[in-house]
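The next block holds one structure in the form of structure tokens; read it before the comments.
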Amino acid sequence: MKTALYIFVMALTTYVIRMIPLVLFRKKIKSRFLKRFLYYIPYAVLSAMTIPYIFYSTGETFTAIVGTVTAVILSYFDMPLIVVALSASLTAFIAGMLK
């Protein structure tokens, strides 16, 4: 019985969160500021969830910084995601071995 109640509450919460924008924003959004703000929310949330994990993933701050710098540089030059991820991981691994 408790499990069913938990599932119902979570389903209701998920439904309400998804319905609020549909109810509040019935007309097309014309504000350039609001459009720009809503456009960047997914990137900000993804960054907020990913960046802290990056610095705790290796166990050492130095190796995490070396891997992150490598990833940022390769991303700047529009390298494919697999190249960026593998290069950053390899760089962090090598930095850990050399330290």
Side-chain angles (χ1 to χ4, degrees):
M1 184 64 183
K2 257 184 167 179
T3 305
L5 179 63
Y6 292 152
I7 292 172
F8 175 74
V9 169
M10 288 306 298
L12 183 66
T13 304
T14 303
Y15 178 75
V16 168
I17 289 172
R18 291 180 183 202
M19 284 306 298
I20 286 174
L22 294 175
V23 171
L24 293 179
F25 301 112
R26 289 184 179 256
K27 295 180 183 177
K28 186 174 182 178
I29 300 172
K30 295 181 181 178
S31 169
R32 288 180 58 200
F33 172 77
L34 191 57
K35 279 184 180 179
R36 212 173 310 136
F37 176 76
L38 293 173
Y39 177 80
Y40 287 110
I41 284 179
Y43 301 108
V45 170
L46 183 61
S47 298
M49 291 185 329
T50 306
I51 295 296
Y53 182 74
I54 289 172
F55 290 106
Y56 294 114
S57 63
T58 62
E60 294 183 26
T61 307
F62 174 73
T63 57
I65 290 172
V66 170
T68 302
V69 168
T70 302
V72 168
I73 290 170
L74 292 175
S75 297
Y76 180 76
F77 290 109
D78 292 327
M79 299 301 286
L81 180 60
I82 189 72
V83 172
V84 173
L86 291 176
S87 299
S89 299
L90 183 64
T91 306
F93 177 73
I94 291 171
M97 296 296 286
L98 295 177
K99 188 172 180 192

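Worth knowing before you read on, the calculation uses all heavy atoms, side chains too, and leaves out hydrogens, waters and symmetry mates.
- Y39 meets the ring pair (Phe, Tyr, Trp, His ring centres under 6.0 Å) test with Y43; sequence neighbours excluded.
- K35 and I29 get closest at one heavy-atom pair: CE-O, 2.7 Å.
- V66 and M97 are members of different hydrophobic clusters when ILVMFWY side chains are connected at heavy-atom separations under 4.5 Å.
- The cluster map of Ile, Leu, Val, Met, Phe, Trp and Tyr, joined by side-chain heavy atoms under 4.5 Å apart, puts V45 and L38 in the same cluster.
- A single hydrophobic cluster is seen to contain both L24 and V16, as judged by linkage of ILVMFWY side chains at heavy-atom distances under 4.5 Å, directly or through other members.
- Judged by distance alone, the side chain of T50 and the main-chain N or O of S47 form no donor-acceptor pair under 3.5 Å.
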(request) Under the side-chain contact (heavy atoms from CB on, under 4.5 Å) rule, what do T68 and F55 come out as? Steps first, then yes or no, please. (result) CA-CA 8 Å; T68 302; F55 290 106; 4.1 Å; yes
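- Note: L22 CG to R18 CZ = 10.5 Å, rounded to the nearest 0.5 Å.
- At least one donor-acceptor pair under 3.5 Å links the side chain of T63 to the backbone N or O of E60.
- When every heavy atom of G67 is checked against every heavy atom of A88, the shortest pair comes out as O-CB, 3.4 Å.
- The line from CD1 of I65 to CD1 of I54 is 11.5 Å long, rounded to the nearest 0.5 Å.
- In this structure, CG on L98 lies 8.5 Å from CZ on F62, to the nearest 0.5 angstrom.
- Expressed to the nearest 0.5 Å, how far CD1 of I51 lies from CG of L46 amounts to 8.5 Å.
- Y15 and I20 sit in two unconnected hydrophobic clusters of ILVMFWY residues. Membership requires side-chain heavy atoms under 4.5 Å apart, directly or through other members.
- By the 4.5 Å heavy-atom criterion applied to side chains, L86 and L90 are not counted as neighbours.
- Distance OG/S87 to CD1/I73: 11.0 Å, rounded to 0.5 Å.
- Here the shortest heavy-atom pairing between V83 and L74 reads O-CD1, 4.2 Å.
- L81 is not connected to F77 by any chain of hydrophobic side-chain contacts under 4.5 Å among Ile, Leu, Val, Met, Phe, Trp and Tyr, and they are in different clusters.
- Residues Y56 and T61 form no side-chain contact, since every pair of their non-hydrogen atoms from C-beta on lies 4.5 Å or further apart.
- At most 12 non-hydrogen atoms from other residues, nucleotides or ligands lie less than 6.0 angstrom from CZ of F37.
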